[in-house]
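Read through the structure below, which is laid out as structure tokens, and then see the notes.
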Number of protein chains: 2
Amino acid sequence: MHAAGQPERHAVALLDGRGVRATPQRTRVLAELVREPNDATAQELHERLRARGERIGLATVYRALSVLADEGVVDVLAHRPGEACYRVCGGEHHHHLVCSSCHRVVELADCRLDTWLDDVAAAHGFDRLEHRLELTGVCADCR
Amino acid sequence: MHAAGQPERHAVALLDGRGVRATPQRTRVLAELVREPNDATAQELHERLRARGERIGLATVYRALSVLADEGVVDVLAHRPGEACYRVCGGEHHHHLVCSSCHRVVELADCRLDTWLDDVAAAHGFDRLEHRLELTGVCADCR
DNA sequence: CTTCCTGCAAAGCATTTGCATCCAT
DNA sequence: ATGGATGCAAATGCTTTGCAGGAAG
């Protein structure tokens, strides 16, 4: 068993059972993202895959990420101006705390907004209320 | 006193007392943003100014917004992929509740996140924590 | 006079798309 | 064979920059 095996299997597992083909390229893009604890841009992922010796086009990385985002396998974070960041995320509702300096991401499991938001929705007669919360700050290492 | 006077004066007031020159172009860009209850892109602002008859270049709009952002007069939002949105946010902290059908905006004066966010910041060693909350739903009239 | 500001056009990036080819069913 | 996937290059859209002229201090 070789060292790179685990992210690959994780990636295959994430793709399994969906309506999408688990092509080698998609698996590799996702595996590369699984290796990344925070988030990465399409270009960064492409560079790493090429450095790893994979033959894959930049457009394919973009197309793979688009498919993965549609499937809900990865989240698209728009905290950096001018480029999108991608991240492997669980299905549960959660928010991200992002360091504006090093882009380290902390996943927040609990969301304490629902009680307040129920009140807000009721007070203003709104229905089907959805929310998106982005938290940015400077982490301890970048202070 | 003409109808367009108020946003202009508001813009001049926002620029006053800082180390930046309140040039006509900067004032107009900011005044245009003051008229916008939500947020707008640089290109949208440029279009509106041209439609209003102002002679202003697109690059100047970008440069003005850059200066205004550096001064903290406007906020840069990166929630739309591929382009930056700008918003006047010098005043009180608040959030917007937007109807996804008719785009009516309800301004929420109170924000009940600070207590929780202070805990979050402390728990993860983050400093200068900022947050942006987007609320969308369907209002009573559109139900 | 010197410095900053502006407009225009060209350049710079991230991302998307057209198209011929390739692969799996 | 047939439809989707890929790679490359060209195109697109947002934003920045180089430069010459102009206004402000």
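Protein chains get the first letters and strands the later ones, always in sequence-line order, with residue 1 at the start of each. Side-chain atoms are counted along with the backbone in the values below, which use heavy atoms only and exclude waters and symmetry mates.
Nucleotide D/dT6 holds its C1' atom 14 Å from the CG atom of A/Leu49, rounded to whole Å. Atom NE2 of B/His46 and atom C1' of D/dG13 are 15 Å apart (whole Å). As a whole-Å value, the separation of B/Arg18 CZ from C/dC4 C1' is 19 Å. Between the CG atom of B/Leu58 and the P atom of D/dG13 there is a distance of 14 Å, rounded to whole Å. Separating the CD atom of B/Gln43 from the P atom of D/dT16 is a distance of 11 Å, rounded to the nearest angstrom. Here C/dT15 presents its P atom at 10 Å from CZ of A/Arg80, a figure rounded to the nearest Å. Following rounding to the nearest Å, A/Arg63 (CZ) and C/dA14 (P) show an atom-to-atom distance of 18 Å. Across the protein-nucleic acid pair, B/Arg55 atom CZ and C/dT6 atom P stand 13 Å apart, rounded to whole Å.
Side-chain N/O atoms of B/Thr23 include none lying less than 4.0 angstrom from OP1 or OP2 on D/dA24. Between A/Gln25 and C/dC23 there is no side-chain polar atom (N or O) within less than 4.0 angstrom of OP1 or OP2. Phosphate contact (OP1/OP2 of D/dT16, side-chain N/O of B/Tyr62, threshold under 4.0 Å): absent.
Taking for each of A/Ala59 and B/Ala59 the nucleotide of DNA chain C with the nearest heavy atom, the 5'-most of the two is the partner of B/Ala59. Toward the 5′ end of DNA chain D lies the nearest nucleotide of A/Thr60, the other residue of the pair A/Thr60 and B/Thr41 mapping further downstream.
Ion pairing between B/Arg112 and B/Asp110 holds under the 4.0 Å rule for side-chain N and carboxylate O. For the pair A/Glu71 and A/Arg26, the salt-bridge criterion is not met [side-chain N within less than 4.0 Å of a carboxylate O].
Nearest nucleotide to the B/Glu83 side chain, out of D/dT15, C/dA14, C/dT6: D/dT15. The side chain of B/Arg21 sits closest to C/dC4 out of D/dT15, C/dC8, C/dC4. Counting only heavy atoms from C-beta on, A/Arg26 has its side chain closest to D/dA5 among D/dC14, C/dT15, D/dA5. Distance from the side chain of A/Arg50 is smallest for D/dC8 among the nucleotides C/dG7, D/dT15, D/dC8.
Aromatic rings of A/His131 and A/His93 (six-membered ring for Trp) have centroids within the 6.0 Å cut-off, being under it.
Judged by distance alone, with hydrogens and angles left aside, the side-chain atoms of A/Thr27 form a donor-acceptor pair with the main-chain N or O of A/Thr23 at under 3.5 Å. Of the possible donor and acceptor atoms, none in the side chain of A/Arg104 sits under 3.5 Å from a partner among the backbone N and O of A/Val98.
Contact annotation for B/Ile56: backbone-only contact, meaning every heavy-atom pair under 4.0 Å involves sugar-phosphate atoms and none involves a base.
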